[in-house]
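Presented below is the structure to which this report refers.
Just follow the structure's listing: the first ligand is 1, and inside any ligand the first atom is 1.
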Amino acid sequence: MLDALCFWLETDLIMVKRKTTRRAFLKGSVAIGGAALTAGTSVKAGEGDPLITETQEWAQFTGDGVDATPYGMPIDFESDVVRRNVEWLTADTISSVNFTPIHALDGTITPQGCAFERNHSGAIELPKEDYRLMINGLVDRPLVFTYEDLERFPRENHVYFCECAANTGMEWAGAQLNGAQFTHGMIHNMEYTGIPLRTILNEAGLKSEGSWIFVEGADASSNGRSIPIEKALDDVFVAFKANGEALRKEHGYPVRLVVPGWEGNMWVKWLRRVEVTDQPIESREETSKYTDTLADGTSRKWTWVMDAKSVITSPSPQAPITHKSGPLVISGLAWSGHGAITRVDVTLDGGKNWFQARLAKPGERKALTRFYLDIDWNGKDMFLQSRAHDETGYVQPTKEQLRNVRGLNSIYHNNCIQTWWVKKGGEVENVEVS
Ligand SMILES: Nc1nc2c(c(=O)[nH]1)N[C@H]1C(S)=C(S)[C@@H](COP(=O)(O)O)O[C@H]1N2
Ligand SMILES: [Mo]
């Protein structure tokens, strides 16, 4: 039986090899130089390579038993693919943020273990048995739900990105942080399992004056936020699973609010209470904190939706090019709080010429989209940028266009086009081009 399986695997491998011809590879590539296109080392060059000619240690002994890691962790070789924080950014690590290592990930789903965390008073440990969700205010029947109660409602699955409004916020005045993880890593994208908020609001019975909800968490900060009732009844979601398993403590275990397309600060973690109100509740310092400064010195309030944005994740400062020239996969992420990404353009020369990137899958609404541009790199300097388009026709602005409207003193909602300077030799730096 095992023999048959091995045979099947081998023949399958040979079939795959035959299908990937040189011609097929060339067709999907953009040639930017005269360099010969060789994706791999030739068999001849492999001669004398002990990794090919000699039996390796891992084939001489047996591996770990199935009881070695009841809950699997990434292999040691990947130990640098972790969340990181920026020490000088916040006074301590309690009211702080760390960043998703987007430069080292592919596809679109963020593994929970490396999805950024943003807490105002730390990540709390709330046992499922002690979980309570209260619905009160302008409802016919104030209700309290346990975790088990929530599990009895019809469930749905949805993939959404969550981006902190402060993502890329350090880059307004100039290129500052040298890595996509730090410039764009306050984002994650997960598949959530849970129930629409609408389901439990209907259970409580909405009064006709109810035009807002005020939501808060069980942590010390409580992170109270007001959300218009239209959004609450549209796609706001009460999630208790992410990527198939329980939420992690740091993302709001056992239950968090998911507010698709809207800034991360409304995605209340450790969700404890939903109050239906007839006006927004100006919660503590927060409402004023999350306003945007404009170029004329005034500010705009309630900019909830995250505009279309994209970034090249590789190559990038933490993911330099390791070969001198030839085939190169340029890859990145695009997203829009207004809907689906319909197109992403990539430039190699700081915006003079644009190529349409290949979307790994058709864009999904309010979720990350992976894009690729396969090029034949001539080994020379490049100024890489990506530009996202969404289903509303909106096109991601340049840094200059955004600054003309918002000035240099903004912090939140920086969705400008990012530039990476790829140098001869493959090193990459965060720069601005004009
Ligand atoms: N209860 C509670 N909810 C919260 C916060 C918090 O500090 N407490 N931080 C908010 C902010 S500012 C963001 S950006 C997101 C971050 O979600 P994450 O930690 O899952 O990345 O959670 C939001 N929800
Ligand atoms: Mo945030």
Side-chain angles (χ1 to χ4, degrees), residues 82-86 89-90 92-102 109-126 131-134 159-170 181 184-192 194 213-227 236-243 245-274 283-292 302-306 335 337 368 410-415:
V82 289
R83 296 185 280 228
R84 291 180 194 281
N85 60 329
V86 174
L89 206 59
T90 51
D92 56 56
T93 57
I94 307 299
S95 180
S96 190
V97 63
N98 60 23
F99 301 84
T100 309
I102 52 171
I109 296 295
T110 317
Q112 292 201 76
C114 60
F116 90 98
E117 329 165 38
R118 168 81 179 99
N119 301 314
H120 292 86
S121 51
I124 57 165
E125 214 152 278
L126 199 170
Y131 179 75
R132 298 290 183 276
L133 172 60
M134 183 182 196
V159 177
Y160 295 120
F161 75 81
C162 170
E163 183 184 19
C164 177
N167 199 21
T168 322
M170 284 79 78
Q181 177 168 21
H184 291 77
M186 280 192 224
I187 192 160
H188 55 59
N189 191 65
M190 304 193 197
E191 185 196 47
Y192 295 100
I213 56 166
F214 179 73
V215 285
E216 61 183 15
D219 54 329
S221 83
S222 82
N223 197 72
R225 292 291 182 277
S226 287
I227 300 173
V236 175
F237 199 63
V238 177
F240 34 87
K241 292 275 161 72
N243 301 343
E245 58 181 356
L247 289 167
R248 293 287 164 84
K249 164 173 95 175
E250 61 270 33
H251 300 127
Y253 179 95
V255 177
R256 92 170 300 166
L257 202 65
V258 167
V259 189
W262 287 27
E263 55 189 26
N265 72 73
M266 311 188 91
W267 293 48
V268 172
K269 303 194 275 191
W270 313 288
L271 181 66
R272 160 176 84 177
R273 194 167 71 92
V274 178
S283 125
R284 299 156 200 99
E285 13 93 77
E286 295 303 345
T287 317
S288 58
K289 243 173 88 182
Y290 287 91
T291 54
D292 296 329
W302 291 336
T303 45
W304 298 307
V305 185
M306 302 307 291
W335 61 95
L368 293 188
S410 276
I411 298 172
Y412 300 108
H413 296 273
N414 182 352
N415 69 320

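- Checking Lys269, Glu216, His251 against atom 19 (O) of ligand 1, the nearest heavy atom belongs to Lys269.
- Counting the atoms of ligand 1 from 1 in the order shown, those under 4.0 Å from a heavy atom of Val268 are 3 (N), 24 (N).
- Against a heavy-atom cut-off of under 4.0 Å, His188 is close to the following atoms of ligand 1: 18 (P), 20 (O), 21 (O).
- Each of the atoms 7 (O), 8 (N) of ligand 1 lies under 4.0 Å from some heavy atom of Ser221.
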- request: Apply side-chain hydrogen bond (donor to acceptor under 3.5 Å, both in side chains) to the pair Ser221 and Asp219, showing each step before the final yes or no.
  value: CA-CA 6 Å; Ser221 83; Asp219 54 329; 3.0 Å; yes
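- The backbone N or O of Ile187 sits nowhere less than 3.5 Å from a side-chain atom of Glu163 that would complete a donor-acceptor pair.
- Residue-to-ligand polar distances keep Ser121 apart from ligand 1: every N/O pair is separated by 3.5 Å or more.
- Shortest non-hydrogen contact noted between Asn243 and Thr110 is ND2-O, 2.8 Å.
- Salt-bridge check for Glu263 with Arg225: failed, with every basic side-chain N at 4.0 Å or more from each acidic carboxylate O.
- At a 4.0 Å heavy-atom cut-off, ligand 1 touches Cys164 through backbone and side chain alike.
- Among the candidates His184, Met186, His188, the single residue satisfying the side-chain contact (heavy atoms from CB on, under 4.5 Å) test with Ile102 is His184.
- In plain terms, the two heavy atoms of Tyr253 and Ala246 that are nearest each other are CE1-CB, 4.0 Å.
- Only the backbone of Trp267 comes within 4.0 Å of ligand 1, judged by heavy-atom distances.
- Contacts between Asp219 and ligand 1 below 4.0 angstrom, taking non-hydrogen atoms only, involve the side chain exclusively.
- Minimum heavy-atom separation, Tyr131 to Leu271: OH-O, 2.6 Å.
- Near Glu250, with a cut-off below 4.0 Å to any heavy atom, the atoms of ligand 1 are 19 (O).
- Below 3.5 Å of separation, one finds an N or O of Phe116 facing an N or O of ligand 1.
- With distances taken over non-hydrogen atoms, the option nearest atom 16 (C) of ligand 1 out of Arg118, Gln112, Glu117 is Arg118.
- Of all the atoms in ligand 1, the ones that sit under 4.0 Å from a non-hydrogen atom of Asn119 are 7 (O).
- Across all their heavy atoms, Leu247 and Tyr192 have their closest contact at CD2-CE2, 4.4 Å.
- The Trp270 neighbourhood of ligand 1 comprises atoms 1 (N), 2 (C), 8 (N), with distances under 4.0 Å to a heavy atom of that residue.
- Closest heavy-atom contact between Leu368 and Asn189: N-OD1, 3.0 Å.
- Within the structure, ligand 1 has Arg256 among the residues with a heavy atom less than 4.0 angstrom away.
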